[in-house]
There are 2 protein chains.
Amino acid sequence: MGRTRGFDTEQALDAALETFWVHGYDASSMPELCRAMGIQPGSAYAAFGSKRDLFRAALQRYARTVSSEAVLGLTSSPSGLDGLRSYFDDLVEAMVDGRRRWGCLITNSLVEFAERDPDLAGVFDLHLANLEAAFEAALTRAKAAGDLRSGAGPEQAKLLVAVVQGMNVLAKARPGRPALRSVADAALAGLVAAPDAPRLSDRCGYLQD
Amino acid sequence: MGRTRGFDTEQALDAALETFWVHGYDASSMPELCRAMGIQPGSAYAAFGSKRDLFRAALQRYARTVSSEAVLGLTSSPSGLDGLRSYFDDLVEAMVDGRRRWGCLITNSLVEFAERDPDLAGVFDLHLANLEAAFEAALTRAKAAGDLRSGAGPEQAKLLVAVVQGMNVLAKARPGRPALRSVADAALAGLVAAPDAPRLSDRCGYLQD
DNA sequence: CTCCTAACTGAAAGATCATTCAAGAATAGC
DNA sequence: GCTATTCTTGAATGATCTTTCAGTTAGGAG
C-alpha cells in the first residue's frame with residue numbers, strides 16, 4: 001500500500017550509468033544525475049541510498065549488461081579465433097561510433113577509484129578476471145583448431161586484457177578508426193601470424209580490410 | 001627587489017605533481033595540495049595562478065621528466081630490441097615497487113579529462129605521439145638488426161602504446177610482478193618470436209627469467 | 001469513500017571547495 | 001636605515017556539493 005513509484009528504477013539507473021560513464025564519478029554532481037534520471041534528490045536518495053551507492057549499482061549494472069554482452073561474443077563463437085576477431089571488431093566500431101567512445105566505465109572507474117574505495121576493488125578484479133578467462137578460453141579453442149602460431153596460446157590472455165584496457169584509454173582521445181584497427185590488427189597478428197610460411201593456416205582473413 | 005620567495009617552485013610543483021598522481025585532479029583539494037607543497041593558498045595562487053594551471057604545469061613537468069626519462073631508455077640503446085626490453089623491464093619494476101604503482105599521470109589524466117578540457121588534449125596527443133615515435137624507431141632498428149619475426153615491424157608501435165596504456169590501468173589494481181611480467185613478456189614474444197625455427201635468431205634472451 | 005502508508009517535491013542545512021584579500025613580514029636598492 | 005616592492009599568512013567569500021526533511025500528493029486496503 002502507499003503511493004506507487006513514479007519512475008522506473010532500472011531506467012533511472014541507466015541514465016545515471018551513462019552520466020557516470022561520460023563524465024566520471026566526481027564530475028557527475030547529484031543535481032546533474034537527478035536531471036538525467038528525471039527525478040528529484042529526495043527520490044534518488046530514497047531509491048538508491050547515496051551517490052556512492054548509486055555509483056556502485058551503476059557499475060554492477062554495467063558489468064551485468066554492457067560488459068558481459070561484449071564478452072558473450074567472445075565465448076559464444078565455436079571458433080576461438082572468430083570470437084577474438086569479432087570481439088575486437090565490435091570494440092573498434094563501438095569506440096568510433098557507439099557508446100564506447102567514452103571508453104569503458106570499469107576502466108575509467110578503476111583509474112579514478114583504485115586508491116579510494118577498497119570495496120570497489122573486488123568489482124574491478126572480478127571484471128578483469130572474467131575478461132581474462134574469456135580470452136583464455138577463446139585462445140585455448142583457437143590453439144586446438146590450429147589457428148595460432150606455435151608459441152602462442154592461452155598464456156597470452158593477460159596481454160589481450162592489457163590491450164583492451166589500453167584501447168579503452170586511447171578511445172578517450174578519439175583517435176579514429178584506422179588507429180584503433182591498427183592496434184587490434186597488430187594484437188591479433190601477433191597471435192595468428194604465420195611468419196615464414198603463410199600457408200600454414202587455412203584461416204587467413206585477419207588482414208581482410 | 002621585494003621579498004624573496006620562501007619556497008622552491010619546482011620542489012612545490014613536484015609535491016603537487018605527486019598529489020595529482022596519486023589521487024587525481026578532482027580528489028586533490030587545494031588545501032591538500034597546499035599542505036603537500038608546504039605553502040598557503042595565497043602563495044600557491046600567486047605562484048601558479050589557479051588549480052587548473054597548477055595541474056597543467058604538473059602535467060608538463062611530468063612529461064618533461066618522468067615520462068621522457070622512460071622514453072630515453074627506449075631510444076638510447078643501440079639495439080632496438082634491448083631498448084624495448086629494458087623499457088618494459090623498468091616499467092614493470094616501477095609498477096611493482098616504484099612511483100608507477102599509481103599508474104601514469106598522463107594516462108590517469110587522459111581518462112579523467114578527455115571530455116572536459118580540450119586544451120589538455122594537445123598534451124595527451126603529443127605524449128602518445130612521442131611514445132609511438134620512440135617505439136617505431138626502436139622497432140625499425142630491431143628489424144634492421146634481424147631481431148624481429150618476419151611480419152613484425154614499426155607498424156606494431158601503436159600496439160605497444162596500447163599495451164603500455166593498458167599496463168598503466170592494470171597497475172592501479174596492484175596485480176603483482178608476475179602478472180605484469182606476463183603482459184610485457186607476451187607483448188615482446190609476439191614481436192621477436194621465432195616460431196618454428198628458434199635458432200633463426202642469435203639473440204634469444206627474451207625468455208631468460 | 002476514507003484512511004494509511006509510501007513516494008514525491010523543492011527548499012534548506014551543513015560541509016567543503018576554489019579563490020581572494022587585507023594585513024604583516026622580509027628583502028633589495030638607495 | 002629607509003622605502004618601495006614583493007611575498008606570506010590565514011581568515012573570509014561566495015559558490016557548489018551531498019544529504020535531509022517537512023509538507024504534499026497519490027495509490028491500495030478496508
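Please read these numbers as outputs of a predicted model, since none were measured by experiment. To find a chain, count down the sequence lines: A is the first, B the second, and so on, and within it residues start at 1.
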A/Ser50 has its side chain closest, among C/dA7, D/dC7, D/dT19, to D/dT19
Between D/dG28, D/dG10, D/dT18, which nucleotide gets closest to the side-chain atoms of B/Pro41? D/dG10
Contacts of B/Gly2 and B/Ser28 projected onto DNA chain C by closest heavy atom; the upstream (5') one is B/Ser28
d(NZ, A/Lys51; P, D/dT20) in whole Å: 15 Å
Rounding to a whole Å, what distance do you find between B/Met30:CE and D/dT9:P? 14 Å
Is it true that the side chains of A/Ser86 and A/Asp89 contain a donor and an acceptor less than 3.5 Å apart? no
Take B/Pro31 and A/Phe7, find for each the nucleotide of DNA chain C with the closest heavy atom, and name the residue whose nucleotide sits nearer the 5' end. A/Phe7
Determine the interplanar angle of the B/Tyr87 and B/Phe135 rings, folded into 0 to 90°, and report it as parallel if under 30°, tilted if 30 to 60°, perpendicular if over 60°. perpendicular
Could you give the CD-to-P distance, from A/Gln40 to D/dA22, as a whole number of Å? 18 Å
A/Gly42 vs A/Tyr25, nearer the 5' end of DNA chain D by closest nucleotide: A/Tyr25
Closest to side chain of A/Arg3, choosing from C/dA7, C/dA18, D/dT8: C/dA7
Does the pair A/Asp26/A/Arg116 count as a salt bridge with the N-to-O cut at 4.0 Å? yes
Could you check how far CZ of B/Arg35 sits from P of D/dT9, rounded to whole Å? 15 Å
Can you figure out which of C/dA18, D/dT6, C/dA7 approaches the side chain of B/Tyr45 most closely? C/dA18
Report the distance from atom CE of A/Met37 to atom P of D/dT18, rounded to the nearest whole Å. 11 Å
When we call it a touch if two heavy atoms are under 4.0 Å apart, what does B/Ser43 touch: a base, just sugar-phosphate, or nothing? base
Hey, could you give me the CD/NE2 distance between A/Glu32 and A/His23, rounded to the nearest 0.5 Å? 5.0 Å
Residue whose closest nucleotide on DNA chain D lies nearer the 5' end, B/Arg5 versus A/Arg52: B/Arg5
Just to be sure I understand the rule, does A/Gly6 reach a base, reach only the sugar-phosphate, or reach nothing, if contact means heavy atoms closer than 4.0 Å? sugar-phosphate
Starting from P on D/dT18, measure out to CG on B/Asp26 and report it in whole angstrom. 11 Å
Cation over ring face, A/Arg52 and A/Tyr25, 6.0 Å, 45°: yes
What integer distance in Å separates B/Ile39:CD1 from C/dA25:P? 20 Å
Between D/dT20 (P) and A/Asp53 (CG): distance, integer Å: 11 Å
